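All values derive from a computational prediction rather than experimental measurement. Residue numbers begin at 1 in each chain, while the letters A, B, ... track the order of the sequences.
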Number of protein chains: 2
Amino acid sequence: MARRSTQAASEGTDKAKPVTSYDVAREAGVSQSAVSRYFTPGASVSARTRAKILKAVNKLGYQPNAIARSLITRRSSLVAVVVANLGFNPEFTSILGQSLSARGLNTLLFTLDHESDADHVIDQLWQYRVAGVVAAVTLPPRHVDMLSQREIPLVFVNRAYEEVPVNSVSCDQSEGERWLVDELCAAGHRRIAIVSGPEDSPVSRQRVSSAAERLANAGVKPVEIVVADFTYQGGREAMRKLAAGPARPDAIICANDMLAIGCMDEARHALGLRIPEDISIVGFDGSAPGQWASYDLVTIRQPTNLMVDAAIDMLMARIDDPQLITEKRVFSGELVRGASARLADT
Amino acid sequence: MARRSTQAASEGTDKAKPVTSYDVAREAGVSQSAVSRYFTPGASVSARTRAKILKAVNKLGYQPNAIARSLITRRSSLVAVVVANLGFNPEFTSILGQSLSARGLNTLLFTLDHESDADHVIDQLWQYRVAGVVAAVTLPPRHVDMLSQREIPLVFVNRAYEEVPVNSVSCDQSEGERWLVDELCAAGHRRIAIVSGPEDSPVSRQRVSSAAERLANAGVKPVEIVVADFTYQGGREAMRKLAAGPARPDAIICANDMLAIGCMDEARHALGLRIPEDISIVGFDGSAPGQWASYDLVTIRQPTNLMVDAAIDMLMARIDDPQLITEKRVFSGELVRGASARLADT
DNA sequence: CTGAAAGCGCTTACAG
DNA sequence: CTGAAAGCGCTTACAG
């Protein structure tokens, strides 16, 4: 004891002891329960008590301990946001975080390198008793079930899960690809190639198969389908392969904007092709760089803000009522008629 | 009671009750303390007990409750990552999150719209008793003090705080700008303009003043300094202003890559200038788009991976020992001799 | 409206 | 090595 107080006296940089609701109660001359109620929306506290507590709170600089609150209420104000490293629009995470914050929720961010790292993520978010999960990655059905059993609301973004009833908001990939294919065909393109994203990416698979199907309907068989990863370099290499192939295409449908940008750069700067005179290139996403003057992509813009808002609305509704029925919301994309492809006049 | 059990019997979708360490203890036939020790690295548990617990853990699917653990240990495994909306490299957040995760820490992400939203952020991260903070934004001294008093380790990234002793890791902005200025001058540029970022951005201020100073040393007075925000559009508008100005520059130093990209697009696509024949443009950051073939920027590449690793090392060391003395680590950038500027041969 | 008391699920001296 | 017990800082019936 003596030693301890000596230490305390000699150290000017003593750690500030956190203020608890008991400290506030003592200062205000009320019970600890009253202090707690003060911070509980809708709890009954008289105006007089309220005033005393407010004063003490300000004087002591009290902030309720969210950890203790979560322990007793068995639910935190944390929302897990799970994204893939190269997956979605980077701005997506940012917008989502800000929207959550505006609603009093905090963002626990998980960035997956491979979608298979999900095991670890699921453990973590369960350990923290998150209030909900927004996932822009594919989660194995096992994990979806686990969350549902534990009544942790889950909303997918751009992952439809046709086979399982899950909440999701997405952009209509098929419709978008149909629009792109129709535009290319209407402008007379017939030698059309497709650059796919990674084969384990559901988004890529859906876009590629929708495009291929629409082409088939139009009686067009893709001259080639090249698989790449969702990177700039992947786009460049895909373009190189296509140019070296037996039948050079006159139009390329890329599974996303990043690939389209890579294709364009390779076509122009390595192969000396003019766009769209020699070759047309279209993407998908509506990402910012795709709209830069150097690219000016023909693409499908996903309504990111709408999708984020919808996802959060759905999540909040299910945090309030975990029994709420499953819902899938699908937004149309928006055709951006840029200059990276030769299109028919309208 | 009767009502409750009736309900339970009639509802097949009953919420799975979370498993606690008491459940595991009962199942394993040991005390709850033993279970707790099992999950405490270095705690003494006999091999026999360990085996019994492991079995029960697997059978019940037990996961320790991180919230309860944080309450008692008074520290969570959460690290707050505070970034500005348009601030740093978007990949930075991603790399940081993954590095933290690899060290068993979770990321609580705060995206600030204006650096003034910091008040709210500080409250939140304190309420969650985060183990540490990595900030890529400027925090008012008041907040820095608050964290230090509460012994929450704080590391700034690219915010030097000359006046206060704080931990920071940064890229040497001045050195980088000196290199760029020297390269431009050596190649004979004399009519040099500067495109600055927002005036409340310390990063921009430091880059601009370093460049201006080095130019002054070389006897060159900038033909103009234009202020823009750190966006593509900002770059385009800045270029437009410069072209309309009295003395068109033959070289432009931009406060970051994004501005340089905007300038290049405006110069080429709106003004019909050739780069670097008609005008040289340099940036700063080493961002991915700056390296795309359409831009191929002359810029300074910040060693993002090194900086993130250093920041986490510093943070971890201070989580282990909060008294550890303050340290500033400054890394050199790397000159990228791209094709966006006419440079002297070496 | 208010206070005393139980309890959320852990960790950690403490005694054996 | 092991278990009983106290306690982290809250919320929330419960009784007044």
*Asks:* Taking 4.0 Å as the cut-off, does a side-chain nitrogen or oxygen of A:S31 come that near to OP1 or OP2 on C:dG3?
*Replies:* yes
*Asks:* Please work out if B:S44 contacts a base, only the sugar-phosphate, or nothing of the nucleic acid, heavy-atom cut-off 4.0 Å.
*Replies:* base
*Asks:* Scan for salt bridge (Lys or Arg N to Asp or Glu O under 4.0 Å) pairs involving residues 39-58 of chain A, sequence neighbours excluded, and state none if there are none.
*Replies:* none
*Asks:* Is the backbone of B:Y22 close enough, under 3.5 Å, to the side chain of B:T20 for a donor and an acceptor to pair up by distance?
*Replies:* yes
*Asks:* Quick one, give me the B/S/- string for nucleotides 8-16 of chain D, reading 5' to 3', where B means a protein heavy atom under 4.0 Å from the base and S means that only happens at the primed atoms, P, OP1 or OP2.
*Replies:* BBBBBB---
*Asks:* Hey, could you give me the CE/CG distance between A:M146 and A:D123, rounded to the nearest 0.5 Å?
*Replies:* 7.5 Å
*Asks:* Just checking A:T49: base, sugar-phosphate only, or nothing, at a heavy-atom cut-off of under 4.0 Å?
*Replies:* sugar-phosphate
*Asks:* Return each pair, listed once, that meets salt bridge (Lys or Arg N to Asp or Glu O under 4.0 Å) where at least one residue sits in residues 307-323 of chain A; pairs must be two or more places apart or across chains.
*Replies:* A:R103-A:D313, A:R318-A:E327
*Asks:* Could you give the side-chain donor-acceptor pairs of residues 32-41 of chain A under 3.5 Å, partners two or more places apart or in another chain?
*Replies:*
residue : atom : partner : partner atom : Å
A:Q32   : NE2  : A:S21   : OG           : 3.1
A:T40   : OG1  : A:S36   : O            : 3.0

*Asks:* Can you tell me which stems DNA chain D forms, taking runs of 3 or more consecutive Watson-Crick or G-U pairs with both distances under 3.5 Å?
*Replies:* C:1-3 with D:14-16, C:5-12 with D:5-12, C:14-16 with D:1-3
*Asks:* May I ask you to decide if A:A66's main-chain N or O and A:S70's side chain share a donor-acceptor pair within less than 3.5 Å?
*Replies:* yes
*Asks:* Would you kindly say whether B:S76 and B:R129 are connected by a side-chain donor-acceptor distance under 3.5 Å?
*Replies:* no
*Asks:* Sorted by first residue and then second, give each salt bridge (Lys or Arg N to Asp or Glu O under 4.0 Å) pair with at least one member in residues 21-34 of chain A; sequence neighbours left out.
*Replies:* A:D23-A:R26, A:E27-A:K59
